[in-house]
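In each ligand, atom 1 is the first atom listed, and ligand 1 is the first ligand listed.
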Amino acid sequence: MVKRNPRLAALKAGYLFPEIARRRREFAAAHPEDPARPETRIISLGVGNTTEPILPHIDAGLTEGARKLGTVEGYSGYQDEGLLELREKISGVFYPIPGKPFGADEIFISDGAKCDIGRLQLLFGAETKVAVQDPSYPVYVDGSVLTGAAGSWTGEGYSGISYLPCTAENGYFPDLSLLPENSLFYFCSPNNPTGAAAARPQLEALVAAAREKGCVIVFDAAYAEYIRDPALPKTIFSVDGARECAIEVNSFSKPAGFTGVRLGWTVVPKELRYSGGESVNADWSRVMGTIFNGASNIAQEGALAALSGTGLEEIRRLCDFYLGNAELIRHALTKLGISCVGGDNSPYVWARFPGRDSWEVFAEILEKCRVVTTPGAGFGPSGRSFIRFSAFGHRADVEEACRRLLKLGE
Ligand code: PLP
């Protein structure tokens, strides 16, 4: 028989969200819901999955995309890096950089940011040093385990990964002196899970550190459309010098509700070079052409609709809705005297439970309130005394969850 890839065995305790789902199932089996008693229903503020319907103009774009495929004039097959019109539109809408717009050949349409994060490591290989914000979105670490760049499990983290703590003490922005030279640094802003959005001087410091140390930043901007403070940058490429040291991944999942539709993009600037001077952009084109055959044409028509004037208004409306949920959650936690950050420029609220273990707090909230959350420890060692509350939910559920959370104070 063929042997199992040992890197799969190196993945620590499975992916976080299946583990939460398992614990939820166990709890539900032991405490069955009673339809006659709505208070027994489990409500999830756990995963970052969107819940609201796609708004009408964007939805019409998807429908039109499907209709066109049934016509001779409208039919299209493989699109490789993505529809040219969509790549040009993304360049204009998200990267309005005066005098230096991105060319369509620097923007690669994909089936989502997570998938691109998984594929990106193929550019750098198993010998690459990896650094992450701690806590961070689990795919950066787990993807590194699969490509062999993570080293071995030490009990708290992986030996080949540098965890840069983002804590209340440093305002959830890492000490850049800890960034190893010549490393691949995954940086997410607005951040999942802390909800922190980096300020311009912080991103300038990040780019300066990466350039000085020969690092490549993989900047995850999946929540950029949740930024409401106009002073906060939505893209790393608004900082001078970023083209020489950064790749940006982004997605229609959270702004347009495309979590199930699947559409994202990655920007790989032509200026970005490996230590040997070779083009990263050319290699990414090669990787995508080799193991990916382009995103759904229907999804891309939906994205074109999303980037029209009406579509952008719908994106704003949808993000505002989830931000409204976040505000309710923050308010409930503050009322309980629980200190929390995030939720103002991101759909996540990061709540602090000093001295406590996050899995234990997770269990307490599930038992007392029947609300599912995400334990901070699942995002890295610095998350061990935190709980992440997700603002993705129907309004009535979030309101009910907030009422139940008050039980924590009893
Ligand atoms: N990046 C971050 C930080 C996320 O939190 C998520 C999803 O939760 C993704 C990327 C995944 O995006 P996509 O749905 O485009 O794969």
Side-chain angles (χ1 to χ4, degrees), residues 15-21 44-52 54 58 82 86 90 94 107-121 132-144 166 172 185-198 217-227 234-236 246-267 288 292 294-296 299-300 302-303 306 315 318-319 322-323 326 342-343 345-350 372-374 376 378-380 383 388-393:
Y15 188 67
L16 173 63
F17 296 104
E19 176 60 19
I20 291 170
S44 176
L45 300 182
V47 293
N49 203 355
T50 48
T51 55
E52 303 310 295
I54 291 173
I58 302 176
L86 179 59
I90 286 175
F94 295 111
I107 293 168
F108 300 78
I109 309 295
S110 74
D111 52 346
K114 190 186 204 176
C115 321
D116 274 353
I117 293 162
R119 285 184 287 253
L120 272 168
Q121 286 226 344
V132 294
Q133 289 163 292
D134 171 25
S136 69
Y137 180 48
V139 182
Y140 314 143
V141 169
D142 288 357
S144 306
C166 295
Y172 302 96
F185 185 24
Y186 290 94
F187 192 96
C188 178
S189 178
N191 190 268
N192 176 9
T194 68
I217 302 162
V218 175
F219 190 81
D220 188 339
Y223 297 98
E225 290 312 299
Y226 286 82
I227 290 180
K234 288 184 168 183
T235 163
I236 189 79
I247 292 170
E248 182 164 302
V249 292
N250 210 322
S251 169
F252 286 90
S253 284
K254 309 304 165 93
F258 275 25
T259 41
V261 174
R262 308 305 305 144
L263 201 72
W265 72 92
T266 288
V267 183
M288 290 296 269
F292 182 66
S296 147
Q300 294 188 72
I315 284 181
L318 187 64
C319 294
Y322 291 124
L323 286 167
N345 294 289
S346 87
Y348 297 117
V349 178
W350 189 236
V372 176
T373 57
T374 310
F379 298 101
R388 188 195 74 172
F389 290 86
S390 162
F392 293 111

**Student:** Looking only at distances, can you tell me whether any N or O atom of Asp220, backbone or side chain, sits closer than 3.5 Å to an N or O atom of ligand 1?
**Tutor:** yes
**Student:** Below 4.0 Å from any atom of ligand 1, is there a heavy atom belonging to Phe258?
**Tutor:**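 Under 4.0 Å: no for Phe258.
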**Student:** Does the side chain of Thr235 come under 3.5 Å of the side chain of Glu248 through a donor N or O and an acceptor N or O?
**Tutor:**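 Indeed, the side chains of Thr235 and Glu248 share at least one donor-acceptor pair under 3.5 Å.
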**Student:** Heavy atoms only: give me the nearest Gln133-Phe185 pair and the separation to one decimal.
**Tutor:** N-CE1, 3.8 Å
**Student:** Below 3.5 angstrom, do we get any N/O pair linking Asn192 and ligand 1?
**Tutor:**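 Yes, there is a polar N/O contact under 3.5 Å.
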**Student:** So is Arg388 actually on top of Phe379's ring, under 6.0 Å and inside 45° of the axis?
**Tutor:**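 Judged by the rule, Arg388 and Phe379 form no cation-pi pair.
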**Student:** Out of Phe252, Tyr223, Phe392, Tyr186, who gets a non-hydrogen atom closest to atom 4 (C) of ligand 1?
**Tutor:** Tyr223
**Student:** Enumerate the atoms of ligand 1 whose separation from the nearest heavy atom of Gly112 is less than 4.0 angstrom.
**Tutor:** 15 (O), 16 (O)
**Student:** Taking distance alone, with N or O pairs closer than 3.5 Å, would you say Tyr348 contacts ligand 1?
**Tutor:**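 In this structure, Tyr348 places no N or O atom under 3.5 Å from an N or O of ligand 1.
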**Student:** Contact between ligand 1 and Cys188 is defined here as a heavy atom of the residue under 4.0 Å from a ligand atom; is it met?
**Tutor:** yes
**Student:** Distance to 0.1 Å, residue and atom name: give those for the protein heavy atom nearest to atom 12 (O) of ligand 1.
**Tutor:** Ala113 CB, 3.7 Å
**Student:** Given Lys254, Lys114, Arg262, identify the one with the heavy atom nearest to atom 8 (O) of ligand 1.
**Tutor:** Lys254
**Student:** Could you tell me whether the side chain of Asp220 and the main chain of Phe187 form a donor-acceptor pair under 3.5 Å?
**Tutor:**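 No: the side chain of Asp220 does not pair with the backbone of Phe187.
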**Student:** Please identify which atoms of ligand 1 are closer than 4.0 Å to at least one heavy atom of Ser253.
**Tutor:**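 Selected atoms, number and element: 13 (P), 14 (O), 15 (O).
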**Student:** Return the minimal non-hydrogen interatomic distance between Ala222 and Pro255, and the atom names on each side.
**Tutor:**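 Smallest heavy-atom distance, with atoms named: O-CD, 4.1 Å.
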**Student:** Does any non-hydrogen side-chain atom of Trp265 lie less than 4.5 Å from one of Leu86?
**Tutor:**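 With C-beta onward as the side chain, the pair stays apart.
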**Student:** What's the separation between atom SG in Cys188 and atom OH in Tyr140, rounded to the nearest 0.5 Å?
**Tutor:**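 With rounding to 0.5 Å, SG (Cys188) is 4.0 Å from OH (Tyr140).
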**Student:** Tell me the protein heavy atom at minimum distance from atom 11 (C) of ligand 1, and give that distance in Å.
**Tutor:** Tyr137 OH, 3.4 Å
**Student:** So which heavy atom on Leu263 is nearest to which on Ala295, and how close?
**Tutor:** CD1-CB, 3.4 Å
